[in-house]
Chemist: 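Just dropping this structure here.
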Amino acid sequence: MSTQVFYFVATLSIIFSLMVIFAKNPIHSVLYLILTFFTFTVHYVLLNAQFLAVVNFIVYMGAIMVLFLFVLMLLNLNKETEPVKSPLIKIVGVIAGCCLIVTLVGSFKAATITSPLILKNPGLGLVENLGKELFGPFLLPFELSSLLLLAAMVGAVLLSKRDEVEA
Amino acid sequence: MDTGFIIEKFILVAVIFGISLVIAMYSTYAERKVAAYLQDRLGPDRAGPFGILQPLADGVKMFMKEEIIPTTSNKWLFIVGPGLALLCACIGTAVIPWGSPMVIGDKVIPLQVSDINVGVLYIFGVVSLGVYGVMIGGWASNNKYSLLSAIRAASQNISYEIAMGLSIIALLLMTNTLSLKTIVEQQHGWHWNVLYQPLGFLIFMVCSFAETNRAPFDLPECETELIGGYHTEYSSMKLGFYLFAEYINMFVSSAVMATLYFGGYNYPGMDYMATLLGPTWAPLFGTAILFAKIFFFIFFFMWVRWTIPRFRYDQLMNLGWKGLIPLAIANIIITGVVIAIIEKF
């Protein structure tokens, strides 16, 4: 049953991510992106990674996408304000897309299909085990990435702060 | 999965859903009565004795009103908005333990729909999702007041979610678990978390006022500036959905506060009552106690609404970012240090 659910949800993920690209209205695009993230959450649950599922839910669906929506609503993009792209850019885009497809197909063909990977510990995704892994063997990378986030945050605050002299 | 399990859960879900709707319905009545009491008026008293049928009359009115969808609105999203708001409000009840497991015959029935081991985070996720209903509805109305209100709601929710999450972290440092069931069981009898985390509770409560868009933080619905706020363009039952969602949110956050900080279904002397009432009725008594706590918090929400005037928007943001977040971080540090000292000696 889990396999059928997986295929169903995977189909939905692909449909929604295609809709993100094909939707004319940027707001609709973001809403489809939210749905896509929701299907990802279901994928995590199917993988028994509850913590990752909930974090994906809170951070991506609940926070980041709200900010996306926020900015787009403020911009109020319309069809009229959208700049008309020249045919040259369209041709360049098509060629770049084709190159990407060729590269992807090549790399996937090279990858040999191995037997399915089976986790030694199926409860790895639960909060307790994840915490032990993160704060045990992976402590240094974990702390380093948090430092990176802190640096980004300080940078963002600095950028948004008005110049004291001007004000 | 056997059929009995599904039926059992289905009945539980249906009962909880029904209770939430009834409580939301009568919260509107209670709100008006509380407002009347605080302002030295009588309040609704025409429909039935003490106006007890007023919510029914309001409900019928809501259903019967003409439904208007503005021509310039985005029709599909205009309909999705209120639906999403109500949906997000209702699904929060799934992880709250409503009582200790009940024994009927030789069957043990847990009075909780689902005990997932990330229960606290689930609640948090549902809360953060709740803003979409408001945002989508406000944007789809294609009205600048609605849009402004939607944007206010979004920024308010994001800001207060941070302080709320931080205040929960201090609690989690003490409980060592994310499962709501275990958190409640740890508060057996008198060991309520509010006694150990008073500051955390205060921050959490202020944040839940902001998350539910209740006064003094009801800036998204600020009439003097924004007409009706995000539901300016709504009429009929779609408006009803938004209003309902607000009251259900209030109910759910009261339940979460009671569960996390006020011991849930625990009360002093519960062991004695358990032997007195037996394993079937004692859990139900605990549930009644939990509901008493929830009703107190709902009353508290209303009490504050009719006592404290609305904040200004910059005051709201200052309180959130410069007041509550540093306070919550200090709370985490103090809690961590105290726990470390206790464990050392």
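A, B, ... follow the sequence lines: proteins, then strands. Residue 1 opens every chain. Since we're looking at a predicted model, the values are computed, not measured.
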Chemist: What residues form a side-chain hydrogen bond (donor to acceptor under 3.5 Å, both in side chains) with A:Thr41, not counting sequence neighbours?
Modeler: A:Asn56
Chemist: Looking at chain A, which one of B:Ile136, B:Thr177, B:Ile151 has the largest number of heavy-atom pairs inside 4.5 Å, strictly under?
Modeler: B:Ile151
Chemist: Taking side-chain contact (heavy atoms from CB on, under 4.5 Å) as the definition, give me every residue that meets it alongside B:Leu172, ordered by chain and number, with sequence neighbours left out.
Modeler: B:Val120, B:Ile168, B:Thr175, B:Leu178, B:Ile183
Chemist: Side chain from CB out, backbone as N, CA, C, O: work out which of these in B:Leu77 comes under 4.5 Å of a heavy atom of chain A, or both, or neither.
Modeler: side chain
Chemist: Do you see a donor-acceptor pair shorter than 3.5 Å between the side chains of B:Gln197 and B:Asn331?
Modeler: yes
Chemist: Mind checking whether B:Phe78 and B:Tyr234 have ring centres under 6.0 Å apart?
Modeler: yes
Chemist: Considering only heavy atoms, which portion of A:Val54 lies under 4.5 Å from any heavy atom of chain B: side chain, backbone, both, or neither?
Modeler: side chain
